Amino acid sequence: MILTELSSRKPAIDWSWHLRLVAFLGPAALYALVFILVPYANLLIYSFWKTDNYTIVRDFNLGNFARVFESPVYLSVIANSLLVASIVTICAVVLGYALALYVAFFTGMRRKFLYFLMVIPLWTSFLLRAFIWRLILGREGVINSGLAWFGFTDEPLSVLLFNRFSVCVALTYVFIPFVAIPVYAALEKIPPATLEASMDLGASPFYTLRRIILPLSLPGIIPGAIFTFCLSFGDFVAPSLLGGPSGIMISSVIINQFGSAFDWPFGSALAIFVIVVVGIAVALARLLERRYE
Amino acid sequence: MLSKVRDKPECTDEVQVRLDRVSKHYGNAAALTDLSLDVRRGEFLTLLGPSGCGKTTTLRLIGGFEVPDRGAVAIGGRDVTGVPPFQRNVNTVFQNYALFPHLTVFENVAYALRVKRLPGAQASERVTSMLDRMGLADKAGRYPRELSGGQMQRVALGRALINEPTVLLLDEPLSALDAKLRRTMQLELRRMHAELGLTFVCVTHDQEEALAMSDRIAVLDAGRIAQIGTPQEIFDRPANRFVADFIGGCNFIPAISRSDGTIIMPECKVSPQTGPEAGRGIVLAVRPHSLRLGTPEEGAIIELAARVSDIVYLGTAVRLVLSLADGLGLTAELGKDAVEKSGAKPGVVLRLWARAQDVIVFDAARSGHDPH
């Protein structure tokens, strides 16, 4: 009796609910408004203006966007960025997936420890993790010294550093945990009995991987891949530390527009373009995810 | 094989599954010790025991999910020790069904056929007929999360049976269902077993379920078989105290068997006609429902006077919680009318007795082997 009374009693106007909403969401919403929405809006407005003799002229025009598409330089840099981001995403997904699979299924008691090792790189500076590849790939680096010591090469290989290859290697290394961690979380949620059921029904381990494990870990793969693609597409550190002429990426160009070139409107247009590309990539990934749900 | 409907299970003496002195350890803990078991072709065998007795390990050895440390597993006369599960013609209904959450009911049932790369039309025909048989025809496009417990159970059964296994393993198949549905499914499984003529090996900790469904029951205790036999044998002639207590529950009354053939027991009168080995401690086992109220009749072996400490209504029967003068606790399950007539209420002393054929005598020292 008391229970039904309690549950059927209509609460007085639920101010507390609104209050909670404001209290919890308010600060975050305010932060997002001031530090995310306003700058983006600013960027969008700037992209329609132009510069004249190093001063910004508030004159609405689409010239900046036309310049992005007309000039082969910018298109090729964007294409290079897309290429690097795609290569890095594929490599990081494959390697990160293999790592997560190994840690989740084949390590027994050491699993927690290995997972911990997987997380540790995220505590280290991104800059450091990119820079370390100079020490590995450089003329005096680990690989070249090793090759010379074994007598395989007479002089250091220069193809290892300051090109697209070195940028891809460093970014792949940096983003492997971004894939491995969500994939691991998804794999850990698969009950062992589900895999046993597959084997019980005659499926080999490889068939089980393809038809059961892979689809069930898609909720981990997709966010990992989106992170990797977006962050590597817009990365600035790796290309500037490790990329030579062939490793130039769009972020370097954008930063240049806001710096020495002092063409904020054009830089804004490029930035808007990057945002649109990333937005399309995320939308495609979401579409893929929904298909498999 | 599935389409053939038989009148009754074909139960022969031919051995379908043989476990030959298998042992299995997890770390230092022994799960199974020198266990030997023959499952006959076409029988419904239940492995029954408390948790940790090794029944699930036994099932997993047959399924191929565990490899024994010692001993051998043979299915259909072929040694399969060490053969992985996907190369055995044995299918399992898992405890919580373990359905594939990303596949529909149809795809779940079709999985084994897809693995075998059976042509699409042939496969879907077989799946459709299996879904019909399981009463799931209208659920083909649903996902497991959209099903009720009983429906998931039937999908798991259909998925395991589509491959026409020689042996079907059921790991606590009904434990996730509510009591009413469980009873229905017990009969359903029994009927299906009869129709298909397959060998079923089932694991459960529920003695009622085991008694209701099985042709034979193997009672496991601490990694060994305590007794194997038909439900009636296990219930009426338990081999030892463990089996008597685990199945049906039992009162154990310590007594001494004297060299002159009489039995003495504190606070009780025992007729001298039973004659276990003389001069040692014995235990008289009486089931709660075998105790009777009132004046002993012809054939009574035990007579005792016990004080009622609690009365529990079970619906059709009444359970009396009793204690003897020396403090030994007993329970009796009696008809409602008999209890009412006796005027039983807490504090009252009642006379109880049991017939000779309802009393089992165990050796006290070794918790007893059957002296019958």
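These figures come from a predicted structure and were not determined experimentally. All chains are named by letter (A, B, ...) in the order of the sequence lines, taking the proteins before the strands, and each is independently numbered beginning at 1.
- The shortest non-hydrogen separation linking A:Ala197 to B:Phe94 is CA-CE1, 3.4 Å.
- The neighbour count for B:Arg117 CZ, taken as heavy atoms of other residues, nucleotides or ligands under 6.0 Å away, does not exceed 12.
- In plain terms, the two heavy atoms of A:Leu216 and B:Pro101 that are nearest each other are CD2-CG, 3.6 Å.
- More than 12 heavy atoms of other residues, nucleotides or ligands shown are found within 6.0 angstrom of CZ on B:Phe86.
- By the 6.0 Å contact criterion, CZ on A:Arg210 is enclosed, its count of non-hydrogen atoms from other residues, nucleotides or ligands being greater than 12.
- Chain B forms the most heavy-atom pairs under 4.5 Å with one residue out of A:Pro192, A:Ala193, A:Pro191, A:Gly202, and that residue is A:Gly202.
- Listed here is the closest heavy atom pair of A:Ala203 and B:Tyr111: CB-OH, 3.8 Å.
- B:Gln87 CD: more than 12 foreign heavy atoms inside a 6.0 Å radius.
- No more than 12 heavy atoms of other residues, nucleotides or ligands sit less than 6.0 Å from atom CZ of A:Phe116.
- Taking CD from A:Glu196 and CG from B:Asp171, the interatomic distance works out to 9.5 Å, rounded to the nearest 0.5 Å.
- The part of B:Val90 that comes within reach of chain A is its backbone (N, CA, C, O), which places non-hydrogen atoms under 4.5 angstrom from that chain.
- Residue B:Arg18 places its CZ atom among 12 or fewer non-hydrogen atoms of other residues, nucleotides or ligands, all under 6.0 Å distant.
- Rounded to the nearest 0.5 Å, atoms CD1 (A:Ile212) and CG (B:Leu103) are 5.5 Å apart.
- A:Phe113 CZ: 12 or fewer foreign heavy atoms inside a 6.0 Å radius.
- Closest approach of A:Arg211 and B:His102 over heavy atoms only: O-NE2, 2.9 Å.
- With contacts defined as side-chain heavy-atom distances shorter than 4.5 Å, the pair B:Phe100/A:Pro215 does not qualify.
- Between the B:Asn91 side chain and the A:Asp200 main chain, a donor and an acceptor come within less than 3.5 Å of each other.
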